[in-house]
Novice: 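This is the structure I have questions about; it appears just below.
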Amino acid sequence: MTCAGPLHGYRIVEFAGKGPGPLCGMLLGDMGAEVIRIERPVERTGGRQSDEALDIVHRNRRSVVLDLRQPQARIAALRIAASADGLIEGFRPGVMERLGLGPEACLSANPRLVYGRVTGWGQTGPLAARAGHDINYLGLTGALHAIGPSGGAPVPPLNLIADYGGGAMYLAFGLVCGLLEAKTSGKGQVIDAAMTDAVSSLMTPIHGLHNAGLWQDKRGVNLLDGGASFYGVYETRDGGHMAVGPIEPAFFVEFIQRLGLPEDEFAERMNPANWPAHRILIQAAFRQKTRAAWEGVFEGSDACVTPVLSLSEAPQHPHNQARGTFAEVNGVVQPAIAPRFSRTPGGVRSAPPQTGVDGRAVLEEVGFAPGEIDELLESD
């Protein structure tokens with residue numbers, strides 16, 4: 001069955017970049033949008049293996065190569081944008097304007113266009129023109145300060161929070177909101193998705209706890225940051241790890257029973273002053289068995305205990321297999337579509353395309369004559 005997806009019928013033009021832009025394009029493409037990725041004619045050298053490893057993020061795309069240094073290529077890009085409902089770009093502020101492809105030019109060509117811009121610092125502000133990466137944006141929001149062990153340095157949580165949770169997800173959310181509004185108003189607009197803004201938004205519940213005096217502005221001493229003895233990661237006898245999170249009383253009782261520890265040793269368990277002593281008892285218990293053995297102990301329970309799986313182990317877990325959380329496309333195992341729709345599910349319709357493979361077809365669709373297309377493709 002071909003999955004159309006809830007965004008079927010929408011066209012998005014994505015100007016190739018790194019980090020959040022490509023993941024946003026994947027998310028929209030997974031949901032059925034036609035995503036046309038405009039790539040630069042750059043010879044892949046050096047990190048070729050790394051580039052190819054990232055290709056799964058480029059699934060569900062059409063690929064066009066345009067040398068935007070050339071006037072005719074910029075005209076072509078503008079014409080493609082004029083045919084689209086939404087646009088994704090992730091360059092520093094001013095880059096698209098200098099190319100003649102900024103919001104003013106694109107919205108003039110297509111007043112209904114939702115123009116999505118994703119950057120670390122945003123389009124305005126003292127840092128707007130500065131370089132940065134996920135770790136820098138986290139550093140400015142308080143999120144990085146909050147992650148890590150007590151007494152230790154902050155720990156970068158991969159680049160999941162700023163690049164992807166903040167950048168890609170908030171850009172995708174903004175674009176879909178813009179597309180819904182444009183359907184009513186007939187007017188497009190510019191979406192300024194700044195990772196510092198988005199990460200701060202993600203931190204709203206933590207700020208709420210801090211404002212209420214329920215969260216210390218320190219690492220590893222709070223309920224959800226590894227400070228609580230009943231919310232953290234414990235090593236097993238064979239060097240594996242178990243993720244532990246029985247916050248609620250009933251879950252905690254089952255946890256302690258299955259761990260084989262006396263309940264009376266954990267009186268006043270919500271008092272942070274008792275967490276260090278409780279942690280020592282739990283650590284000692286977990287070190288008595290292997291990870292596999294503990295998986296058996298907690299099988300079928302509500303104790304909120306699960307193994308910490310590696311990247312290679314995760315696709316093999318029975319739950320992930322039963323739900324089809326991972327898919328195999330052209331022999332490559334990768335995360336499947338999320339979230340799931342009951343009536344109009346998304347799907348992996350195509351593997352990452354060869355660079356530029358759709359150039360001629362897309363240029364024909366936006367009105368270029370065969371001779372003009374030949375000149376454009378030859379210039380690349």
Side-chain angles (χ1 to χ4, degrees), residues 135 138-139 141-158 160-162 165 199-310 313-314 317:
I135 193 168
L138 287 186
T141 61
L144 184 59
H145 178 271
I147 301 171
S150 175
V155 176
L158 305 182
L160 291 176
I161 298 180
V199 172
S200 297
S201 175
L202 289 170
M203 289 288 286
T204 300
I206 304 302
H207 278 286
L209 291 171
H210 182 247
N211 294 340
L214 301 174
W215 190 275
Q216 295 187 60
D217 204 3
K218 300 177 182 179
R219 284 182 296 283
V221 296
N222 297 287
L223 179 64
L224 302 175
D225 63 359
S229 56
F230 48 85
Y231 197 92
V233 176
Y234 287 93
E235 186 174 1
T236 59
R237 190 177 71 191
D238 57 346
H241 293 87
M242 299 295 286
V244 171
I247 298 175
E248 294 79 3
F251 300 160
F252 183 78
V253 168
E254 184 167 356
F255 166 66
I256 289 302
Q257 289 175 346
R258 293 194 178 229
L259 202 60
L261 292 173
E263 292 180 41
D264 58 9
E265 293 279 1
F266 296 89
E268 297 185 26
R269 71 180 180 96
M270 298 303 291
N271 184 346
N274 295 326
W275 290 347
H278 292 174
R279 182 178 292 106
I280 291 172
L281 296 174
I282 296 171
Q283 282 176 336
F286 270 112
R287 286 174 180 156
Q288 299 304 308
K289 292 181 172 66
T290 64
R291 194 190 81 178
W294 284 119
E295 288 182 59
V297 168
F298 289 101
E299 179 76 25
S301 81
D302 276 342
C304 303
V305 177
T306 53
V308 177
L309 302 179
S310 68
E313 289 176 314
H317 190 275

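Atoms considered below: every heavy atom in the structure, side chains included; atoms not considered: hydrogens, waters and symmetry mates. Just so we're clear, the structure is a prediction, and the values are computed from it rather than from any experiment.
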Novice: Give the minimum heavy-atom separation between L144 and P154, together with the two atoms involved.
Specialist: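 Minimum heavy-atom contact is O-CB, 3.2 Å.
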Novice: What is the minimum heavy-atom distance between L309 and A314, and which atoms define it?
Specialist: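 It is CD1-CA, 4.0 Å.
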Novice: With ring pair (Phe, Tyr, Trp, His ring centres under 6.0 Å) as the criterion, how do F266 and F230 come out once you've worked through the C-alpha distance, each side chain's angles and the decisive distance to 0.1 Å?
Specialist: CA-CA 10 Å; F266 296 89; F230 48 85; 9.6 Å; no
Novice: Nearest 0.5 Å, please: how far is CD1 in I206 from CG in L224?
Specialist: 6.0 Å
Novice: Between CZ of F252 and SG of C304, what distance do you get to the nearest 0.5 Å?
Specialist: 12.0 Å
Novice: Evaluate side-chain contact (heavy atoms from CB on, under 4.5 Å) for H241 paired with E235, printing each intermediate quantity in order.
Specialist: CA-CA 4 Å; H241 293 87; E235 186 174 1; 3.9 Å; yes
Novice: Say whether, by atom type as modelled, one donor and one acceptor occur between the side chain of R291 and the main chain of V308 under 3.5 angstrom.
Specialist: yes
Novice: Please check: side-chain N/O of D225 versus main-chain N/O of I147, any donor-acceptor pairing under 3.5 Å?
Specialist: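 Flag not set: sc D225 to bb I147 has no pair under 3.5 Å.
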Novice: Distance from M270 atom CE to W275 atom CH2, nearest 0.5 Å?
Specialist: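 The distance works out to 6.5 Å.
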Novice: Using modelled atom types and a 3.5 Å cut-off, is there a donor and acceptor pairing between side-chain atoms of N222 and backbone atoms of Q216?
Specialist: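 Present.
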Novice: At their closest point, which heavy atom of A303 faces which heavy atom of P246, and how far apart are they?
Specialist: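 It is O-CB, 3.3 Å.
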Novice: Looking only at heavy atoms, which two atoms of S150 and V221 are closest? And how far apart?
Specialist: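 Looking at all heavy atoms of both residues, the shortest contact is OG-CG1, 3.9 Å.
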Novice: Does any N or O in the side chain of W294 come within less than 3.5 Å of the main-chain N or O of F286, such that one atom is a donor and the other an acceptor?
Specialist: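 Judged by distance alone, yes, a pair lies under 3.5 Å.
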Novice: Quick check against the 3.5 Å criterion: does R258 have a side-chain atom that pairs as donor or acceptor with the backbone of V297?
Specialist: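 Confirmed, R258 side chain pairs with V297 backbone.
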Novice: Looking at every non-hydrogen atom in both residues, tell me the closest pair between S301 and E254 and how far apart they are.
Specialist: CB-OE2, 3.0 Å
Novice: With distance as the sole test, does Q288 use its side chain to make a donor-acceptor pair with the main-chain N or O of A284 at under 3.5 Å?
Specialist: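 Yes; at least one donor-acceptor contact below 3.5 Å.
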Novice: Could you state the interatomic distance from CG (L209) to OG1 (T204), rounded to the nearest 0.5 Å?
Specialist: 11.0 Å
Novice: Which atom names give the shortest non-hydrogen contact between L261 and I256, and what distance separates them?
Specialist: O-CG2, 3.0 Å
Novice: Could you go through the side-chain contact (heavy atoms from CB on, under 4.5 Å) check for V253 and Q257 one step at a time?
Specialist: CA-CA 6 Å; V253 168; Q257 289 175 346; 3.6 Å; yes
Novice: Could you tell me whether a side-chain N or O of H145 sits under 3.5 Å from a main-chain N or O of L138, the two making a donor and an acceptor?
Specialist: no
Novice: Okay, side chain of R269, backbone of I247: is any donor-acceptor separation there less than 3.5 Å?
Specialist: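 It does hold such a pair.
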Novice: NE2/H278 to CD/E268 distance, rounded to the nearest 0.5 angstrom?
Specialist: 8.5 Å
